[in-house]
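Step one of this worksheet: look at the structure below.
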Amino acid sequence: MTEKERISRIVEILREAKKEWAVPVVTLMGQMGTDPFKILVATVLSLRTKDEVTAEAARRLFQVADTPEKLLKLSEEEIASLIYPVGFYNRKAKNLKEIARILVEHYGGQVPSDLEELLKLPGVGRKTANLVVTQGFKKPGICVDTHVHRIMNRLGFVKTKTPEETEFALREKLPKEFWIEINDLLVALGQHICRPISPKCSQCPIEHLCKKVGVKRSR
DNA sequence: AAAACGGGGGC
DNA sequence: GCCCCAGTTTT
């Protein structure tokens with residue numbers, strides 16, 4: 001079996017398996033719709049925060065401000081109280097206000113669709129920027145979070161030390177037809193089965209296709 | 001009581 | 001490359 005055949009099998013199986021998993025992140029993104037601004041804001045809110053908490057905070061914030069212009073009118077304190085209790089709520093409130101200001105002043109109130117432009121925004125790194133590119137604009141991109149990084153290495157599909165390296169390796173190795181959906185599939189797998197510690201390999205639908213590189217178990 | 005969680009940024 | 005960040009959940 002070639003690498004391309006293997007990853008194709010993996011994607012097929014995960015597409016099926018995902019249907020059985022009630023994945024909060026899918027629910028979250030579904031609620032956010034495809035508006036790039038909402039995806040951007042919700043993704044910023046989601047960092048180090050549970051999806052249910054993120055969804056609730058996003059709902060409250062969007063009720064008051066669902067555009068950069070409206071968001072800019074709120075004070076940092078108001079934003080912070082609306083998004084509480086997501087992690088780093090003070091820092092995120094500050095960043096969101098600054099993001100709103102930049103969007104209004106430099107991008108005509110629109111979210112840029114270009115990765116490099118997105119990366120200039122405060123609190124926006126490669127994970128967030130690529131999620132906006134792939135989910136907000138449906139443009140080619142690979143959103144590598146720790147799930148994607150961890151699982152791609154466990155599978156033996158890449159051998160990388162950082163999520164950024166993984167992104168670049170996947171740009172070379174992963175068939176382009178899978179770029180946009182790979183994050184969603186592996187996040188689902190990561191949350192249900194392929195956890196950082198003590199993954200439930202015996203329940204994993206792709207165990208037979210996995211090299212189990214560096215799997216750790218707690219003592 | 002401690003570890004786990006986990007992206008971005010500062011150094 | 002290393003380490004900090006906030007607060008809740010899991011072990």
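Here is the naming used below: chain letters follow the sequence lines, and residue numbers restart at 1 for every chain.
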Over how many whole Å does the gap from [X] atom [atom1] to [N] atom [atom2] extend?
X: Asp51(A); N: dT8(C); atom1: CG; atom2: C1'; answer: 14 Å
X: Asn90(A); N: dG8(B); atom1: CG; atom2: C1'; answer: 17 Å
X: Lys92(A); N: dG9(B); atom1: NZ; atom2: P; answer: 12 Å
X: Ile197(A); N: dA2(B); atom1: CD1; atom2: P; answer: 17 Å
X: Ile83(A); N: dT8(C); atom1: CD1; atom2: P; answer: 14 Å
X: Leu45(A); N: dT8(C); atom1: CG; atom2: P; answer: 16 Å
X: Leu121(A); N: dG8(B); atom1: CG; atom2: C1'; answer: 13 Å
X: Arg195(A); N: dA3(B); atom1: CZ; atom2: C1'; answer: 14 Å

Output the single nucleotide from [options] whose closest atom is nearest the side chain of [X].
X: Lys50(A); options: dG7(C), dT9(C), dG7(B); value: dT9(C)
X: Arg91(A); options: dC5(C), dT11(C), dG1(C); value: dC5(C)
X: Lys127(A); options: dG1(C), dG8(B), dT11(C); value: dG8(B)
X: Thr128(A); options: dG1(C), dT8(C), dG7(B); value: dG7(B)

Quick one: do the Thr128(A) and Thr43(A) side chains pair a donor with an acceptor below 3.5 Å?
->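 Checked: Thr128(A)/Thr43(A) side chains show no N/O donor-acceptor pair below 3.5 Å.
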Examine the side chains of Asn183(A) and Thr134(A) and answer whether a donor and an acceptor come within less than 3.5 Å of each other.
->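 Checked: Asn183(A)/Thr134(A) side chains show no N/O donor-acceptor pair below 3.5 Å.
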Applying a 4.0 Å non-hydrogen cut-off, can you work out what [X] is touching in the nucleic acid: base, sugar-phosphate, or nothing?
X: Val53(A); answer: nothing
X: Pro163(A); answer: nothing
X: Pro196(A); answer: sugar-phosphate

Between [Y] and [X], does any NZ, NE, NH1 or NH2 come within less than 4.0 Å of an OD or OE carboxylate oxygen?
X: Arg171(A); Y: Glu167(A); result: yes
X: Lys4(A); Y: Glu177(A); result: yes
X: Lys212(A); Y: Glu207(A); result: yes
X: Glu12(A); Y: Arg15(A); result: no

Go through the steps to decide whether Leu71(A) and Leu61(A) satisfy the test side chain to side chain contact (heavy atoms under 4.5 Å, CB included), and finish with yes or no.
-> CA-CA 9 Å; Leu71(A) 184 57; Leu61(A) 182 60; 4.1 Å; yes
ring-ring contact (aromatic ring centres under 6.0 Å, His included) against Tyr89(A), all qualifying residues, sequence neighbours excluded |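 Once residues adjacent in sequence are excluded, the partners of Tyr89(A) under the ring-ring contact (aromatic ring centres under 6.0 Å, His included) criterion are Tyr84(A).
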Counting only non-hydrogen atoms, which of residues 139-160 of chain A are less than 4.0 Å from DNA chain B?
->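 DNA chain B contact set from residues 139-160 of chain A: Asp145(A), Thr146(A), His147(A).
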Find which nucleotide of DNA chain C each of Thr162(A) and Tyr89(A) is nearest to by heavy atoms, and output the residue with the more 5' nucleotide.
->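 The answer here is Thr162(A).
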Which residue lies toward the 5' end of DNA chain C, Glu165(A) or Tyr84(A), if each is placed at its nearest nucleotide?
->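 Between the two, 5'-proximity favours Glu165(A).
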Say you pick atom P in dG1(C) and the same atom in dC5(B); how far apart are they, in whole Å?
->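 The same atom, P, in both gives a distance of 23 Å.
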